[in-house]
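All values reported here derive from a predicted model rather than from experimental measurement.
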Amino acid sequence: MKGLQQSQVDSFKADFSGEVILPEDSDYDEVRQIWNGMIDRRPGMIARCTSAEDVVKAVNFGRENQLLISVRGGGHNIAGKALCDDGLMIDLSLMKQVRVDPDKQMAWVEPGCTLEDVDSATQEHGLVTPVGINSTTGIAGLTLGGGFGWLSRKFGMTIDNLVSANVVTADGKQLVASQASEPELFWGLRGGGGNFGIVTQFEFKLHPLGPDVLSGLIVFPFEQAKSVISQFVNFTANAPDELSVWMVARKAPPLPFLPETVHGKEVIVLAICYAGDPVEGEKLIAPLRQFGTPVGEHVGVQPFAAWQQAFDPLLTPGARNYWKSHNFTQLTEAAIDTAIEYAGTLPTEQCEIFIASIGCATCLPAADAMAYSARDAQYVLNVHVRWESADDDKRCIAWAREFFDKTKPFASGGAYINFLTDDEADRTESAYGETYGRLRQLKKQYDPNNLFRVNQNIKPA
């Protein structure tokens with residue numbers, strides 16, 4: 001933060017209710033850590049906000065002193081956009097309040113919350129809003145980029161359930177964005193990432209579900225991959241909205257319900273969640289077991305909040321992660337064959353290829369109803385490469401990029417912004433598709449100087 005005087009820092013700290021952390025402070029390295037261990041940047045100052053007023057002060061301080069600004073919610077973004085070098089990181093992770101009105105079926109959520117915070121609070125009342133599948137993910141980044149998970153076929157994307165957002169804009173003003181107030185800003189927040197301001201509170205619509213759901217895993221040997229994945233595609237094309245089945249190809253972790261003979265070997269996993277009566281769900285998932293000869297199964301009725309944490313042990317913070325992603329309106333035989341080919345050459349034991357089956361309620365809004373426009377997507381492919389040593393960076397990233405290129409001819413338009421890595425800025429325009437021009441105009445209106453640019457950036461028109 002060249003040119004910033006100590007007196008300016010001292011004045012800001014004296015007027016700031018939260019914590020201000022500098023590189024010389026003992027907890028600096030701990031606080032700047034984020035989920036993706038590949039990202040190692042050193043902010044010149046970390047402003048840990050405890051209120052919307054703190055956010056206003058931090059934004060004003062950054063703007064007035066021409067500082068590079070990054071914004072941290074849960075710190076889970078694959079591209080590491082929470083961190084900037086030598087600038088101001090506005091850290092929202094201390095703002096973790098969730099308030100639920102069970103009668104109105106609404107929740108008000110602060111931006112430092114994780115999905116676990118949201119699920120825990122809403123499930124106390126047998127209510128949910130559709131979010132992602134890893135409980136340590138931050139609600140803010142997930143929502144602003146779109147948000148989908150086990151319940152999206154039934155209840156839509158996270159942004160489809162956003163009712164309003166309290167926002168601090170680049171000029172330090174506090175606004176409420178909704179269909180009735182600042183509707184154009186509300187349109188842009190739903191998929192436009194952190195480009196238009198910092199959200200200090202989300203208001204979500206809730207739906208009755210749980211606390212228990214039918215969920216779990218059916219695991220098949222890799223030699224049955226073609227049969228299993230082909231039938232998975234046919235099955236999900238006609239499955240009811242309440243049933244989500246995702247396909248995961250990876251090396252089998254040492255799970256207790258799997259025989260030791262498959263530990264560390266490639267397997268095909270069907271991950272299941274049924275948002276309805278478990279008895280009816282059991283009837284619906286029975287055909288899945290006939291897709292091949294399973295080597296193990298762990299399916300049953302369990303709390304939804306527990307199922308939301310099922311994949312957390314495979315996604316712990318600190319490892320090196322790199323993703324590549326495509327949307328698909330359909331999965332052709334050629335796309336399936338390519339996925340199987342690369343699933344047989346996973347570069348490390350922690351890597352996986354997953355295909356999320358969405359569609360249904362996620363396709364109901366018009367493509368221009370909000371910033372997120374890829375409403376024709378029926379499947380989302382994510383190539384998740386994960387490893388421990390920097391020595392493996394080149395090999396692992398090259399494998400992911402090669403697989404991405406080989407599957408590109410079969411993909412549809414658009415992309416899921418939350419899955420774009422730090423080297424994919426050139427995909428931002430194509431990710432938004434037909435809404436991109438309108439987003440640039442909105443950026444010009446609310447952030448004409450591109451103060452909020454450490455993100456999948458939309459440049460002002």
Show me the side-chain donor-acceptor pairs of residues 77-91 shorter than 3.5 Å, one per line, residues at least two apart or across chains.
| residue | atom | partner | partner atom | Å |
| --- | --- | --- | --- | --- |
| N77 | OD1 | A79 | N | 3.1 |
| N77 | OD1 | G80 | N | 3.2 |
| N77 | OD1 | K81 | N | 3.3 |
| K81 | NZ | D422 | OD1 | 2.7 |
| D85 | OD1 | R42 | N | 2.7 |
| D86 | OD1 | M1 | N | 2.4 |
| D86 | OD2 | M1 | N | 2.8 |
| D91 | OD1 | S93 | N | 2.9 |
| D91 | OD1 | S93 | OG | 2.8 |
| D91 | OD2 | R48 | NE | 3.0 |
| D91 | OD2 | S93 | OG | 3.3 |

Can you give the donor-acceptor pairs under 3.5 Å from side chains of residues 143-150 to other protein atoms, not counting sequence neighbours?
| residue | atom | partner | partner atom | Å |
| --- | --- | --- | --- | --- |
| T143 | OG1 | I139 | O | 2.7 |

Identify all side-chain donor-acceptor contacts of residues 198-210 below 3.5 Å with residues at least two apart in sequence or on another chain.
| residue | atom | partner | partner atom | Å |
| --- | --- | --- | --- | --- |
| T200 | OG1 | N166 | O | 3.4 |
| E203 | OE1 | S164 | OG | 2.5 |
| H207 | NE2 | N161 | OD1 | 2.6 |

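D160 is listed as a side-chain neighbour of P365, based on a closest heavy-atom distance under 4.5 Å. Under the 4.5 Å side-chain criterion, counting only non-hydrogen atoms from C-beta, D423 is in contact with R401. When side chains are defined from C-beta on, N134 counts as touching H76, because their heavy atoms get closer than 4.5 Å. Counting heavy atoms from C-beta on, the side chains of L451 and I69 come closer than 4.5 Å. In this structure, the side chains of T114 and T137 stay at 4.5 Å or more apart for every pair of heavy atoms. Between V56 and Q174, the closest side-chain pair of non-hydrogen atoms falls below 4.5 Å. Within the 4.5 Å cutoff, the side chain of Y28 has heavy atoms near those of the P43 side chain. Considering only heavy atoms from C-beta on, L115 stays 4.5 Å or farther from T136 through its side chain.
The minimum heavy-atom distance linking C396 with V385 is given by the pair CB-CG1, 3.5 Å. The two residues T435 and S373 make their nearest non-hydrogen contact at CG2-CB, 3.8 Å. Nearest heavy-atom pair across Y446 and A170 is O-CB, 3.7 Å. The nearest pair of heavy atoms linking T316 to R386 is O-NH2, 2.6 Å. Closest of all the heavy-atom pairs between M95 and S51 is CE-C, 3.7 Å.
Atom CD of Q66 sits in a sparse spot, with 12 or fewer heavy atoms from other residues, nucleotides or ligands closer than 6.0 Å. Within 6.0 Å of atom CD in E30, 12 or fewer heavy atoms from other residues, nucleotides or ligands are found, so the atom counts as exposed in its surroundings.
The existence of a salt bridge linking D117 and K96 is confirmed by a sub-4.0 Å separation between a basic side-chain nitrogen and an acidic carboxylate oxygen. Using a 4.0 Å cut-off between a side-chain N of Lys or Arg and a carboxylate O of Asp or Glu, E424 and K324 qualify as a salt bridge. Salt bridge absent: R375 and D368 never bring a charged side-chain N and a carboxylate O closer than 4.0 Å. Salt-bridge check for E349 with R250: failed, with every basic side-chain N at 4.0 Å or more from each acidic carboxylate O.
Every residue was checked against the salt bridge (charged side-chain N to carboxylate O under 4.0 Å, His left out) condition with D25, not counting sequence neighbours, and none meets it. With sequence neighbours left out, the ring-ring contact (aromatic ring centres under 6.0 Å, His included) criterion links F354 to W246. Applying the salt bridge (charged side-chain N to carboxylate O under 4.0 Å, His left out) test to E64 and every residue at least two apart in sequence or in another chain returns nothing. Residues meeting the salt bridge (charged side-chain N to carboxylate O under 4.0 Å, His left out) test with R395, sequence neighbours left out: D392. Shown here are the salt bridge (charged side-chain N to carboxylate O under 4.0 Å, His left out) partners of D103, two or more places apart in sequence or in another chain: there are none.
When only modelled atom types and interatomic distance are considered, Q6 and D10 share a side-chain donor-acceptor pair under 3.5 Å. Donor-acceptor pairing under 3.5 Å is recorded for the side chains of Y379 and T236.
The side-chain hydrogen bond (donor to acceptor under 3.5 Å, both in side chains) pairs that include a residue from residues 452-461 are N195-N457, N450-N457, N455-N457, where partners are two or more places apart or lie in different chains. For the ring pair (Phe, Tyr, Trp, His ring centres under 6.0 Å) condition, the pairs that include at least one residue of residues 45-69, sequence neighbours left out, are F12-F61. The side-chain hydrogen bond (donor to acceptor under 3.5 Å, both in side chains) analysis of residues 118-133, with sequence neighbours excluded, yields the pairs D119-Q308. Among residues at least two apart or in separate chains, there is no side-chain hydrogen bond (donor to acceptor under 3.5 Å, both in side chains) pair with a member in residues 11-22.
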Between L442 and W187, does a side-chain contact (heavy atoms from CB on, under 4.5 Å) hold up when you go through it step by step?
-> CA-CA 9 Å; L442 189 65; W187 176 90; 4.3 Å; yes
Dump the intermediate steps for side-chain contact (heavy atoms from CB on, under 4.5 Å) on F404 and H326, then the final yes or no.
-> CA-CA 8 Å; F404 174 82; H326 283 306; 3.0 Å; yes
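Note that the CH2 atom of W307 and the CD atom of Q302 stand 6.5 Å from one another [nearest 0.5 Å].
Between F403 and Y342, the distance from one ring center to the other falls under 6.0 angstrom.
Annotation: cation-pi pair R190/F186 present, NZ/CZ under 6.0 Å from the ring centroid and within 45° of its normal.
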